[in-house]
Engineer: 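Would you mind keeping the following structure in view while I ask a few things?
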There are 2 protein chains.
Amino acid sequence: MPADRAQYRELARQLRSVHAVNREIARCLPHDCPAASAGLLTLLRTHGEMRMSNLTELLGIDMSVTSRHVAHAAERGWIERHPDPYDGRSRLLRLTESGQEQLEELSARASTMIENRLADWPPSDVATLNTLLGRLRASFGAAHTPEATRSDTYQATSDK
Amino acid sequence: MPADRAQYRELARQLRSVHAVNREIARCLPHDCPAASAGLLTLLRTHGEMRMSNLTELLGIDMSVTSRHVAHAAERGWIERHPDPYDGRSRLLRLTESGQEQLEELSARASTMIENRLADWPPSDVATLNTLLGRLRASFGAAHTPEATRSDTYQATSDK
DNA sequence: TATTGTTATACTCTATAACTATA
DNA sequence: TATAGTTATAGAGTATAACAATA
């Protein structure tokens, strides 16, 4: 049985408020490194070398946007783009050493800030929040059934 | 004692990914009602009539931005701005009946969509996520002043 | 003088569509 | 023809600074 309608409304509100938290975190980043770059570098470190299309999927944005962010990071020497030997249309992205250092710096700043704000949280709560947010992302990322959730065509049928 | 550094880094990543979820939810909203309007209307329903400055604080954004969003909503008849009898500089904001209907529609769309995606979640997990996100916002919210307010805000909204 | 709110300007993030170059 | 990626353009969301009106 799914949860109450009221719980979902509350969740929608809570998720919106995360936006403000993210802005707060982004404020402690270096000036030439916007939040989008940080996300990009993080994914490249976690998953290793990958193609534009792959990164686009992980970021959950349009490839045109990925292209801009990647260009920004490449101009600053944080990542390298080199041709895919198996597909001349593709470009493989890889973190440079400078990019790894940059990421280290970003990560340190962000986690220090979060640590300050969440100093009185029990570690188990932080862990739980991480787990649930990961599951949330999975629940949203996977189900790309366009018709069911598109504007104007919403219904309560949750069949799969 | 606080949590691991690695947990905070993970949290930063998870919070960023909420951005994609919010975009997905926003996509099912009516065309003339951006996400910012939805947040604004929700707060006005929950907290009732309030001033610009008050709303600004709750939204966690600059008042200039609030001013724009409020103007957008006022032009569409969702909220009314009338003078504060106690302070000629202030304006009091109130949901109109049309605004309440609009909010009802938005809320139904968003929660239906979330329900579809989270159909296989146990209700207790949804509740836990709501609680932790509420606490997160509280821990970040008013803490522009360093140590003083942190423990206060932590307890203030941990229950509902 | 200080505060409430508005407006002007600029920057970030995003999507759509048109384009290129390979496949 | 179809796909990978880029670029042009437009639209939300935000912040800073200059401003008006009131306290």
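Chain A is the first sequence line, chain B the second, and so forth, proteins listed ahead of strands; every chain is numbered from 1.
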Engineer: Strictly distance-based, threshold 3.5 Å: is any side-chain N or O of A:R94 a donor or acceptor partner for the main-chain N or O of A:E49?
Structural biologist: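 Between the backbone of A:E49 and the side chain of A:R94 there is no qualifying donor-acceptor contact (under 3.5 Å).
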Engineer: So, does the side chain of A:S64 form a donor-acceptor pair with the base of C:dT16 at under 3.5 Å?
Structural biologist: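 Check passes, donor-acceptor contact within cut-off.
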Engineer: If you compare every side-chain N and O of B:R23 against the phosphate oxygens of D:dG11 (OP1, OP2), does one of them come in below 4.0 Å?
Structural biologist: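 No, because none of the side-chain N or O atoms of B:R23 sits under 4.0 Å from OP1 or OP2 of D:dG11.
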Engineer: Should A:S53 be listed as having a side-chain N or O under 4.0 Å from OP1 or OP2 of D:dG5?
Structural biologist: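 It does, given that an N or O in the side chain of A:S53 lies less than 4.0 Å from OP1 or OP2 of D:dG5.
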Engineer: Please determine whether a side-chain nitrogen or oxygen atom of A:H31 lies at a distance below 4.0 Å from atom OP1 or OP2 of C:dC11.
Structural biologist: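 So the side-chain polar atoms of A:H31 never come under 4.0 Å of the phosphate oxygens OP1 or OP2 of C:dC11.
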Engineer: Please state how far atom CD in A:E24 lies from atom P in D:dG13, giving the value in whole angstrom units.
Structural biologist: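 Distance, rounded to whole Å: 20 Å.
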Engineer: Rounded to whole Å, please give me the gap between CG in A:L93 and C1' in D:dT6.
Structural biologist: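 So the two atoms are 13 Å apart, to the nearest Å.
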Engineer: Using the rule given for salt bridge (charged side-chain N to carboxylate O under 4.0 Å, His left out), can you reason through B:D125 versus A:R135, listing the C-alpha separation, both sets of side-chain angles and the distance that settles it, and then say yes or no?
Structural biologist: CA-CA 10 Å; B:D125 279 0; A:R135 216 183 292 168; 2.5 Å; yes
Engineer: On DNA chain C, does the nearest nucleotide to A:A36 precede the nearest nucleotide to B:M52 from the 5' side, or the other way round? Give the residue.
Structural biologist: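 Taking each residue's closest nucleotide, the earlier one in sequence belongs to B:M52.
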Engineer: B:R91 side chain: which of D:dA8, D:dA4, C:dT6 is closest?
Structural biologist: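 For B:R91, the side-chain atoms sit closest to C:dT6.
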Engineer: A:H72 has an atom NE2; how far is it from atom C1' of C:dT14, in whole Å?
Structural biologist: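 For the pair A:H72 NE2 and C:dT14 C1', the rounded distance is 16 Å.
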Engineer: If you only use heavy atoms from C-beta on, which nucleotide in C:dA23, C:dT4, C:dT6 is closest to the side chain of A:R89?
Structural biologist: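 It is C:dA23.
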Engineer: May I have the distance from A:D84 (atom CG) to D:dG5 (atom C1'), rounded to whole angstrom?
Structural biologist: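 Distance, rounded to whole Å: 12 Å.
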Engineer: Using only heavy-atom distances, determine whether the side chains of A:Q14 and A:E10 contain a donor-acceptor pair under 3.5 Å.
Structural biologist: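 Their side chains do contain a donor-acceptor pair, which is all the 3.5 Å distance test asks for.
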Engineer: 5'-most contact on DNA chain C: B:A71 or A:V65, nearest heavy atom basis?
Structural biologist: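 Comparing both residues, the 5'-ward one is B:A71.
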Engineer: Rounded to whole Å, how long is the line connecting atom NE2 of A:H82 with atom C1' of D:dG5?
Structural biologist: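 Taking NE2 of A:H82 and C1' of D:dG5, I get 16 Å after rounding.
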Engineer: Can you tell me the distance, in whole Å, between the CG atom of A:L59 and the P atom of C:dA15?
Structural biologist: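 From A:L59 CG to C:dA15 P: 11 Å.
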Engineer: From C-beta outward on A:S90, which listed nucleotide comes closest to its side chain: C:dT12, C:dT6, D:dG5?
Structural biologist: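 That would be D:dG5.
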Engineer: Which nucleotide in the set C:dG5, D:dT14, D:dA4 lies at the smallest distance from any side-chain heavy atom of A:R51?
Structural biologist: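 Looking only at side-chain atoms, A:R51 lies closest to D:dA4.
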Engineer: Looking only at the side chains, is there a donor atom on one of A:R51 and A:S90 sitting less than 3.5 Å from an acceptor on the other?
Structural biologist: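 Judged by distance alone, the side chains do pair up.
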Engineer: How many whole angstroms separate atom CZ of B:R27 from atom P of C:dT16?
Structural biologist: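 That distance rounds to 7 Å.
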Engineer: Starting the side chain at C-beta, find the nucleotide from C:dC13, D:dT14, D:dT6 nearest to A:H69.
Structural biologist: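 Looking only at side-chain atoms, A:H69 lies closest to C:dC13.
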Engineer: Let's see if you can work this out: which of C:dC13, D:dG5, C:dT9 has an atom nearest to the side-chain heavy atoms of B:R68?
Structural biologist: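 Minimum distance to the B:R68 side chain belongs to C:dT9.
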Engineer: Can a donor-acceptor pair be found, under 3.5 Å and without considering hydrogens, that links the side chain of B:R81 to the backbone of B:L93?
Structural biologist: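 No: the side chain of B:R81 does not pair with the backbone of B:L93.
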Engineer: Say whether, by atom type as modelled, one donor and one acceptor occur between the side chain of A:R13 and the main chain of A:R9 under 3.5 angstrom.
Structural biologist: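 No; zero donor-acceptor contacts below 3.5 Å.
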Engineer: So which nucleotide from C:dT16, D:dA12, C:dC13 ends up closest to the side chain of A:D62?
Structural biologist: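 The listed nucleotide nearest to A:D62's side chain is C:dT16.
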Engineer: With DNA chain D as reference, determine whether B:M63 or B:Y86 sits nearer its 5' end, using the nearest nucleotide of each.
Structural biologist: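 First, find each residue's nearest nucleotide; the 5'-ward one identifies B:M63.
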Engineer: In whole Å, I'd like the distance from the CG atom of A:L92 to the C1' atom of D:dG5.
Structural biologist: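 In whole Å, D:dG5 C1' lies 13 Å from A:L92 CG.
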